[in-house]
Number of protein chains: 2
Amino acid sequence: MGLTKSEIFTEQQNQIANIAKVFGHPARVAILQYLFKINSCICGDLVDEIGLAQPTISQHLRALKNIGLIKGNIEGTSICYCINNDNWTTMKSIINEFLNQDINNNCC
Amino acid sequence: MGLTKSEIFTEQQNQIANIAKVFGHPARVAILQYLFKINSCICGDLVDEIGLAQPTISQHLRALKNIGLIKGNIEGTSICYCINNDNWTTMKSIINEFLNQDINNNCC
DNA sequence: TTATTATATTGCAATATTACGATAAAAGAA
DNA sequence: TTCTTTTATCGTAATATTGCAATATAATAA
């Protein structure tokens with residue numbers, strides 16, 4: 001059917017999946033890495049840096065903004081995008097809790 | 001187009017995205033949590049536990065197996081699925097390196 | 001042998017995602 | 001005002017994902 005049955009899962013499970021889905025495309029991974037590497041706010045050169053068309057980059061930026069991992073400030077004609085550090089930290093703890101569930105496990 | 005342009009990204013970026021894509025569905029998150037919770041190998045009751053049809057569960061299990069996070073051992077008529085702990089540890093370090101890139105960042 | 005049980009695969013419909021050309025919108029420059 | 005620059009949105013085509021009924025496969029039980 002193509003429609004994820006979110007209602008049969010817990011809020012936490014859906015939250016983890018929604019975060020992971022955003023990381024599930026290399027362009028969004030690359031955008032985040034570039035934003036961290038530049039170490040200061042970045043504007044429109046993501047199109048040159050990544051190598052996808054401008055509407056495609058804009059679409060990926062929206063996905064990152066929707067989940068709160070980046071924020072954009074209007075800076076003259078252009079928009080300055082940067083990491084939302086508070087939300088990044090929150091996201092990290094959610095994902096780490098999931099990743100670290102192996103710690104007390106003695107399976108095969 | 002619908003076709004991710006993997007070739008314009010680094011191997012690491014694609015690897016992170018491929019792992020994240022597997023976590024990007026709540027059913028697969030739930031399956032992994034259940035496998036950890038049961039703390040011993042689990043067989044077919046995932047269908048009852050999760051609440052999706054058997055072919056759908058089988059499809060999600062295949063996705064998890066393809067990326068190496070779980071393994072399945074034939075146990076009589078049924079198949080015993082469990083976490084692949086070595087690969088889980090490797091996966092964790094790949095994801096953590098990505099998540100921790102904020103550590104030395106002084107952006108806005 | 002013929003059930004029975006457990007899992008995988010096939011095929012398909014519904015929906016989602018990705019990518020981009022065309023265009024719109026918003027702000028500053030001339 | 002008009003022009004230019006930058007980003008967003010619309011529309012659409014191609015592909016991917018999700019979910020399940022039907023069926024196949026594989027192993028054991030009777």
Side-chain angles (χ1 to χ4, degrees), chain A residues 1-9 13-14 16-32 34-35 41-67 70-82, chain B residues 1-9 13-14 16-31 34-35 38 41-67 70-82:
Chain A
M1 287 173 185
L3 209 173
T4 297
K5 286 188 163 179
S6 308
E7 66 282 1
I8 68 171
F9 301 103
Q13 288 163 344
N14 283 309
I16 292 166
N18 286 333
I19 294 167
K21 201 180 286 186
V22 171
F23 293 148
H25 194 289
R28 292 190 288 264
V29 171
I31 288 172
L32 291 167
Y34 189 68
L35 283 175
C41 297
I42 223 297
C43 314
D45 25 34
L46 277 168
V47 174
D48 299 328
E49 175 67 18
I50 308 286
L52 289 170
Q54 181 268 323
T56 308
I57 295 291
S58 186
Q59 212 170 354
H60 286 305
L61 286 170
R62 184 171 50 186
L64 290 166
K65 200 162 59 177
N66 279 345
I67 209 167
I70 64 172
K71 50 187 173 183
N73 303 312
I74 297 170
E75 197 99 354
T77 325
S78 60
I79 294 182
C80 168
Y81 278 111
C82 59
Chain B
M1 288 172 182
L3 210 172
T4 297
K5 286 189 165 180
S6 308
E7 66 282 1
I8 67 170
F9 301 103
Q13 288 163 342
N14 284 309
I16 292 167
N18 286 332
I19 294 168
K21 200 180 284 184
V22 171
F23 293 148
H25 193 289
R28 292 189 289 264
V29 171
I31 288 172
Y34 189 67
L35 284 176
I38 288 306
C41 297
I42 224 294
C43 314
D45 25 36
L46 278 168
V47 174
D48 299 328
E49 176 66 19
I50 307 286
L52 290 170
Q54 181 268 321
T56 309
I57 296 291
S58 185
Q59 210 169 356
H60 286 305
L61 286 170
R62 185 171 49 186
L64 290 165
K65 201 162 58 176
N66 278 344
I67 209 166
I70 65 172
K71 50 187 172 183
N73 303 312
I74 297 170
E75 197 98 354
T77 324
S78 57
I79 294 182
C80 169
Y81 278 110
C82 59

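Residue numbers begin at 1 in each chain, while the letters A, B, ... track the order of the sequences.
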Task: Interface with DNA chain D, restricted to residues 18-27 of chain A and to heavy atoms under 4.0 Å - done: none
Task: Residue list, side-chain hydrogen bond (donor to acceptor under 3.5 Å, both in side chains) with Q59(B), at least two apart or on another chain - done: none
- [ ] Assign L52(B) to base, sugar-phosphate, or nothing according to its heavy-atom contacts below 4.0 angstrom with the strands shown.
- [x] sugar-phosphate
Open item on the list: Using five pairs at each end of the helix from dT1(C)-dA30(D) to dA30(C)-dT1(D) to define an axis, what is the angle between those two axes, to 10°?
Closed with: 0°
TODO: For L64(B) and dT18(D), give me the distance from atom CG to atom C1', rounded to whole Å.
DONE: 14 Å
- [ ] Kindly point out which of dT18(C), dA8(D), dT15(D) is positioned nearest to the side chain of T4(B)?
- [x] dT18(C)
Task: Residue S78(B), side-chain heavy atoms: nucleotide from dT7(C), dC20(D), dT9(C) that is nearest - done: dT7(C)
For residues 20-28 of chain A, please give each side-chain donor-acceptor pair under 3.5 Å, one per line with the distance, not counting sequence neighbours.
from: H25(A); atom 1: ND1; to: A27(A); atom 2: N; distance (Å): 3.0
from: H25(A); atom 1: NE2; to: T4(B); atom 2: OG1; distance (Å): 3.4
from: R28(A); atom 1: NE; to: V22(A); atom 2: O; distance (Å): 2.7
from: R28(A); atom 1: NH1; to: H60(A); atom 2: ND1; distance (Å): 3.0
from: R28(A); atom 1: NH2; to: K21(A); atom 2: O; distance (Å): 3.3

TODO: Report the distance from atom CD1 of I8(B) to atom C1' of dT18(C), rounded to the nearest whole Å.
DONE: 12 Å
- [ ] Calculate the interatomic distance between N66(B) atom CG and dT17(D) atom C1'; express it in whole Å.
- [x] 14 Å
Open item on the list: dT18(D), OP1 or OP2 - any side-chain N/O from R28(B) closer than 4.0 Å?
Closed with: yes
- [ ] Could you state the atom-to-atom distance from CG of L3(A) to C1' of dA13(C) in whole Å?
- [x] 12 Å
- [ ] For residues N14(A) and S6(A), report the shortest heavy-atom separation together with the two atoms involved.
- [x] ND2-O, 3.0 Å
- [ ] Going 5' to 3' through nucleotides 22-30 of chain D, assign each nucleotide B (protein heavy atom under 4.0 Å from a base atom), S (under 4.0 Å only from sugar-phosphate atoms) or - (no protein heavy atom that close).
- [x] B----BS--
